[in-house]
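We count ligands from 1, going down the list as the structure has it; atoms in each ligand are counted the same way. Fair warning: this is a prediction, and the values are worked out from it, not measured in the lab.
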Amino acid sequence: MLYQRSSALFKDAKTVIPGGVNSPVRAFNAVGGTPIFAKSAKGAYVYDEDGNRFIDYINSWGPMLLGHAFPPVVDAVIEKAKLGTSFGMPTALETEIAELAVSMVPNVDKIRFVNSGTEACMSAIRLARGYTKKDKIIKFSGCYHGHSDSFLIAAGSGAVTFGTPNSPGVTQGTAKDTLLARYNDIENVKELVEANKGEVAAIIIEPVAGNMGCIPPIEGFLEGLRTVCDANDILLIFDEVMTGFRLAKGGVQELKGINADIVCFGKVVGGGLPVGAFAARNEIMDYLAPLGPVYQAGTLSGNPLAMAAGLAMLKAVHSDKGLMNRLEEKTKYLHQGMADALNKNNVTHTINRIGSMISVHFAEEAVVDFESAAKGNNETFKKFFHGMLDEGIYIAPSAFETWFITDALTYEDLNETIAAVERIAKTL
Ligand SMILES: *Cc1c(COP(=O)(O)O)cnc(C)c1O
């Protein structure tokens with residue numbers, strides 16, 4: 001494939017935008033090469049500036065559960081735009097989407113809309129600290145909760161008590177309040193809580209991890225977290241920015257039957273427009289301004305175009321009884337096909353899958369946490385990535401990302417993908 005125009009556009013972009021991109025993973029740093037500049041997208045496909053067509057497994061990193069340019073979302077945005085794009089006043093639409101979201105998500109009474117997943121997680125943590133009157137939080141190595149200071153803490157080796165910032169600009173003062181635990185390791189969490197008795201406000205987790213590849217929780221892990229939180233007056237925060245309205249209509253809370261105290265949303269909830277949200281029971285949500293003391297605000301929060309897109313999306317997800325099953329069946333089919341293709345060619349790999357999330361790791365052992373995910377062969381992944389790209393299949397440019405299956409993908413698309421994997425497997 002030719003990427004002439006993308007290369008030229010990237011060159012121009014780099015002169016006025018740091019690294020040529022507005023979000024770092026888009027820059028292909030982990031896999032090498034030049035990023036592809038998108039021109040348009042429809043259904044399962046994205047088209048670049050050179051006129052190439054790709055079967056898309058990134059789907060804007062999650063939001064496009066029903067495919068690109070989903071007509072009800074596009075129509076809703078166009079209609080709303082004609083009525084004005086922002087008011088800074090409450091609208092009926094905000095109540096409508098809030099009612100629908102609250103009815104779909106278990107264990108929450110109220111929801112507040114913000115502009116991104118980052119904002120949702122950042123606000124959830126402030127709310128948890130204000131509500132519990134404690135400062136520390138526990139997060140898990142390899143889980144991503146957006147780019148706010150408290151979450152940009154890297155894993156040290158072994159069990160680390162105090163996080164060290166992995167981005168300059170995050171102060172030691174902030175980092176010391178973020179404790180790091182190993183995903184799927186409840187004993188590690190208990191140790192941290194014990195060592196910081198009475199100081200932990202919240203445990204925040206991706207209840208199905210999606211930012212170190214796809215890593216489902218092992219049996220009993222989320223239940224264990226719930227028990228530890230209940231015993232220590234700690235709030236359990238499910239960051240469902242990726243999984244919300246995707247793995248089930250009510251997210252992982254519904255899928256696994258575990259209640260969180262605060263739930264964060266993003267991606268699907270905005271239907272492709274910049275939306276995030278966080279939700280909880282009344283007693284917690286009423287701690288927020290203007291009712292309570294915890295301040296949180298946003299000039300464009302609840303923006304009518306964003307809410308129109310989100311509402312159209314949630315309505316579609318809510319009303320389509322067969323959706324989750326269809327998505328899971330497609331993902332299972334792709335899993336089986338790719339596993340066969342890789343096995344036939346003796347390519348060492350592990351595939352993780354749950355619902356419409358799937359990831360291929362070129363690793364020998366089971367991938368259950370960040371450490372095991374990091375053992376994947378990155379050179380093999382790079383070859384695989386570029387091979388797929390040349391076959392017209394767009395997967396995330398990093399071995400630590402999940403692929404997203406959309407309802408727009410046909411079995412023909414999946415077969416085309418599997419055939420490409422088979423051809424590339426011979427070269428790995
Ligand atoms: C994408 C993501 C975020 C951050 O959302 P943004 O909209 O990119 O700020 C937070 N948490 C999880 C689990 C995510 O996948």
Cation-pi, Tyr45 ring and Arg53 (6.0 angstrom, 45 degrees): yes
Among Glu119, Lys110, Met122, Gln296, side chain to side chain contact (heavy atoms under 4.5 Å, CB included) partner for Phe278: Gln296
Pair Glu283-Tyr131, side-chain donor/acceptor within less than 3.5 Å: yes
Donor-acceptor side-chain pairing of Glu94 and Thr91 below 3.5 angstrom: yes
Listed partners of Phe385 passing ring-ring contact (aromatic ring centres under 6.0 Å, His included), at least two apart: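 Listed in chain order: Phe28.
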Atom-level proximity to ligand 1, residues with heavy atom under 4.0 Å: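 Those residues closer than 4.0 Å to ligand 1 by some heavy atom are Ser116, Gly117, Thr118, Tyr144, His145, Gly146, Glu206, Asn211, Asp239, Val241, Met242, Lys267.
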From CA spacing to verdict: ring pair (Phe, Tyr, Trp, His ring centres under 6.0 Å), Phe362, Phe384: CA-CA 10 Å; Phe362 295 103; Phe384 180 72; 5.2 Å; yes
